[in-house]
Amino acid sequence: MGSISSRTCDAPSATSLLIRVTDHLLTWLERAHGRRMLATLDERMLADIGVDHATARMESRKPFWKG
């Protein structure tokens with residue numbers, strides 16, 4: 001009949017994987033937010049942070065998964 005599998009989840013590996021996945025998701029969210037905010041800055045604000053308009057536009061158009 002039915003038997004319980006002898007395979008067990010390796011807790012440290014599963015935890016480590018979950019932490020890495022969560023870290024990636026948080027990084028992507030921060031990146032997406034930062035790029036949306038960068039797209040809203042005017043020329044004066046961009047000059048304050050030392051970024052020209054063309055660079056800001058290029059960076060803000062990058063997909064969130066690209067570093």
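- Taking the side chain as every heavy atom from C-beta outward, Asp48 and Leu41 never approach each other to under 4.5 Å.
- A side chain to side chain contact (heavy atoms under 4.5 Å, CB included) with Val21 is found for one member of Ile19, Leu17, Asp23 and no other, namely Leu17.
- Rounded to the nearest 0.5 angstrom, Met37 CE and Met45 CE are separated by 9.0 Å.
- Tracing side-chain contacts under 4.5 Å through hydrophobic residues (I, L, V, M, F, W, Y), one reaches Leu25 starting from Phe64; they form part of the same cluster.
- Here CG of Asp52 is found 8.5 Å from CE of Met58. Values are rounded to the nearest 0.5 Å.
- Side-chain contact between Arg36 and Thr40 is absent, with no heavy-atom pair separated by less than 4.5 Å.
- Atom OG1 of residue Thr15 and atom CZ of residue Arg20 lie 11.0 Å apart, to the nearest 0.5 angstrom.
- Nearest approach of Pro63 to Arg35, heavy atoms of both residues: O-NH1, 2.6 Å.
- Residue His53 holds its NE2 atom at 11.0 Å from CG of Asp42, rounded to the nearest 0.5 Å.
- Thr55 is not listed as a side-chain neighbour of Leu46, based on a closest heavy-atom distance of 4.5 Å or more.
- The CD atom of Glu59 lies 11.5 Å from the NZ atom of Lys66; values are rounded to the nearest 0.5 Å.
- Within the 4.5 Å cutoff, no side-chain heavy atoms of His33 are placed close to those of Leu29.
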